[in-house]
Amino acid sequence: MEAVLDVVEAIPAGRVMTYGDVATVVGRRLARGGPRQVGTALREVGAAVPWWRVVRSSGLPAVHKEETASALLRVEGCPFVDGERVDMRRARLAP
DNA sequence: ACCTTGACCTTGG
DNA sequence: CCCAAGGCCAAGG
């Protein structure tokens, strides 16, 4: 869980990573519950980490604060498509 | 100890 | 592209 936060903090502005990717990078050892636990961890820590740089595999931001998230991402210069989904091909940080 | 919930993912219609 | 089903597992009641 500690590792998860590190990874998220390491995401550069304007880039994003999916929950699944984070779980993969961290490894099954620490991200035991897969993507779900990543989300849970972020919820616990609150605004201490740039959680808005973590999006779903579909490219849409997290469900509860999608407005805020997309806004912040736009400010950071993250590429979008259709005006809402993140352009994964460019913004996705390689695992 | 059991049950429910949930910032999700993948696969198959 | 949209929907449903199954899997995953930590936390909280």
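Numbered from 1 within each chain, the chains take letters A, B, ... in sequence-line order.
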Test A:Glu76 against A:Arg15 for salt bridge (Lys or Arg N to Asp or Glu O under 4.0 Å), laying out the working first.
-> CA-CA 9 Å; A:Glu76 294 181 348; A:Arg15 306 297 299 282; over 6 Å; no
Can A:Asp87 and A:Arg92 be said to form a salt bridge (Lys or Arg N to Asp or Glu O under 4.0 Å), step by step?
-> CA-CA 8 Å; A:Asp87 187 345; A:Arg92 189 176 194 176; over 6 Å; no
Apply side-chain contact (heavy atoms from CB on, under 4.5 Å) to the pair A:Val54 and A:Val8, showing each step before the final yes or no.
-> CA-CA 7 Å; A:Val54 182; A:Val8 176; 4.1 Å; yes
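In this structure, the side chain of A:Arg53 does not engage the main chain of A:Val16 through any donor-acceptor pair within 3.5 Å.
To the nearest 0.5 Å, atoms CH2 (A:Trp52) and CG (A:Leu42) are separated by 11.0 Å. How far CG of A:Leu93 is from OG1 of A:Thr18: 10.5 Å, rounded to the nearest 0.5 Å. Going from atom OG of A:Ser58 over to atom CZ of A:Arg85 covers 6.0 Å, rounded to the nearest 0.5 Å. For the atom pair CZ of A:Phe80 and CE of A:Met88, the computed distance is 11.0 Å after rounding to the nearest 0.5 Å.
Counting only residues at least two apart or in different chains, salt bridge (charged side-chain N to carboxylate O under 4.0 Å, His left out) contacts with residues 39-50 of chain A are absent. Residue pairs meeting the salt bridge (charged side-chain N to carboxylate O under 4.0 Å, His left out) criterion with at least one member in residues 56-69 of chain A: none, sequence neighbours excluded.
Nearest-nucleotide positions on DNA chain C place A:Arg85 closer to the 5' end than the other of A:Arg85 and A:Arg32.
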I'd like a list of close polar pairs between nucleotides 11-13 of chain B and the protein, N/O only, cut-off under 3.5 Å.
none

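Within residues 34-49 of chain A, the residues having any heavy atom under 4.0 Å from DNA chain C are, by residue number, A:Arg36, A:Gln37.
A:Val81 and A:Val55 sit in two unconnected hydrophobic clusters of ILVMFWY residues. Membership requires side-chain heavy atoms under 4.5 Å apart, directly or through other members. The hydrophobic clustering, which links ILVMFWY residues whose side-chain heavy atoms are closer than 4.5 Å, places A:Leu60 and A:Val86 apart.
Stem regions annotated for DNA chain B: B:2-6 with C:9-13, B:8-13 with C:2-7, counting only runs of 3 or more consecutive pairs of Watson-Crick or G-U type with both contacts under 3.5 Å.
Between the side chains of A:Thr24 and A:Asp21, no donor-acceptor pair of N or O atoms lies under 3.5 Å.
Taking atom CD of residue A:Glu66 and atom P of nucleotide B:dC8, one finds them 11 Å apart after rounding to whole Å. One interatomic measurement links the two molecules: CG of A:Leu60 to P of B:dC8, which rounds to 11 Å at whole-angstrom precision.
You can see that DNA chain C meets the heavy atoms of chain A within a 4.0 Å-exclusive cut from C:dC1 to C:dA10, reading 5' to 3'.
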